[in-house]
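Only this structure's heavy atoms are used, side chains among them; waters, hydrogens and symmetry mates stay out. All residue numbers refer to positions in the sequence shown, counting from 1. All values reported here derive from a predicted model rather than from experimental measurement.
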Amino acid sequence: DRALDLCERLPWIECPLADWVRNAIWDAGFAVDGRTGSAIVGKADGTSFYMWTTTNLGDPLDPAYVPLMKVDNVTVFSGGTQAVWQARGIRVWVEAGPTDEALPSREQIEALVRASLTTPL
């Protein structure tokens, strides 16, 4: 709750969730390759991606987001170049990165989801 409260008052990149995203990328076995003002840039076996969080669990997802896969009872939804799932009371987002037009592979997304469920917040 404290981390979420801080993130409501700080720019996202300065809030504890940005550090958590960075750690989750590392815990998934991938590299952190930079940041933007609102996301961490990761790299998985040469595929770049953006990863960030939002706290708006009450807001429905756009109907364009359809179930992509289940990982340990967590449903991952995809809207094409973005994937989203819920973990630890937040939404976790992954989007095709600055050098790629497609999402990371299913196996890479699975690793990111599992890391988001086990990385300490």
Looking at every non-hydrogen atom in both residues, tell me the closest pair between [X] and [Y] and how far apart they are.
{"X": "A96", "Y": "A102", "value": "CB-O, 3.4 Å"}
{"X": "W85", "Y": "S116", "value": "NE1-OG, 2.9 Å"}
{"X": "T118", "Y": "R88", "value": "C-NH2, 3.5 Å"}
{"X": "V76", "Y": "A83", "value": "CG1-CB, 4.0 Å"}
{"X": "T75", "Y": "P67", "value": "CG2-CB, 4.1 Å"}
{"X": "A44", "Y": "F30", "value": "CB-CD2, 3.4 Å"}

Original post:
Hey, are T47 and D100 close enough side-chain-wise for a donor-acceptor pair under 3.5 Å?
Top reply: no

Are the side chains of [Y] and [X] in contact, using a 4.5 Å heavy-atom criterion?
{"X": "Y50", "Y": "S38", "result": "no"}
{"X": "V94", "Y": "P104", "result": "yes"}
{"X": "Q108", "Y": "D45", "result": "yes"}
{"X": "V92", "Y": "V84", "result": "no"}
{"X": "T54", "Y": "D59", "result": "no"}

Rounded to the nearest 0.5 Å, how far does [atom2] of [Y] lie from [atom1] of [X]?
{"X": "L61", "Y": "Q82", "atom1": "CG", "atom2": "CD", "result": "10.0 Å"}
{"X": "W52", "Y": "C15", "atom1": "CH2", "atom2": "SG", "result": "14.0 Å"}
{"X": "E95", "Y": "L103", "atom1": "CD", "atom2": "CG", "result": "8.5 Å"}
{"X": "T119", "Y": "I25", "atom1": "OG1", "atom2": "CD1", "result": "10.0 Å"}
{"X": "D19", "Y": "I40", "atom1": "CG", "atom2": "CD1", "result": "7.5 Å"}
{"X": "R22", "Y": "R35", "atom1": "CZ", "atom2": "CZ", "result": "7.0 Å"}

**OP:** Indicate yes or no for a side-chain donor-acceptor contact from R106 to the backbone of L68 under 3.5 Å, with no hydrogens or angles considered.
**Re:**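 Indeed, once roles are kept as given, a pair shorter than 3.5 Å links the two residues.
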
Subject >> Residues T53, W12; criterion side-chain hydrogen bond (donor to acceptor under 3.5 Å, both in side chains); working and verdict >> reply: CA-CA 9 Å; T53 62; W12 184 86; 2.9 Å; yes

**OP:** Step by step, work out the side chain to side chain contact (heavy atoms under 4.5 Å, CB included) result for V74 and L117.
**Re:** CA-CA 9 Å; V74 173; L117 298 172; 3.9 Å; yes

Original post:
Under the salt bridge (charged side-chain N to carboxylate O under 4.0 Å, His left out) criterion, do E110 and R114 qualify, and how do the steps go?
Top reply: CA-CA 6 Å; E110 283 180 26; R114 286 194 174 104; 3.5 Å; yes

Subject >> Stepwise side chain to side chain contact (heavy atoms under 4.5 Å, CB included) check, V66 with F77 >> reply: CA-CA 5 Å; V66 296; F77 295 89; 5.7 Å; no

Subject >> Stepwise side chain to side chain contact (heavy atoms under 4.5 Å, CB included) test for L112 and M51 >> reply: CA-CA 10 Å; L112 290 167; M51 187 167 164; 3.9 Å; yes

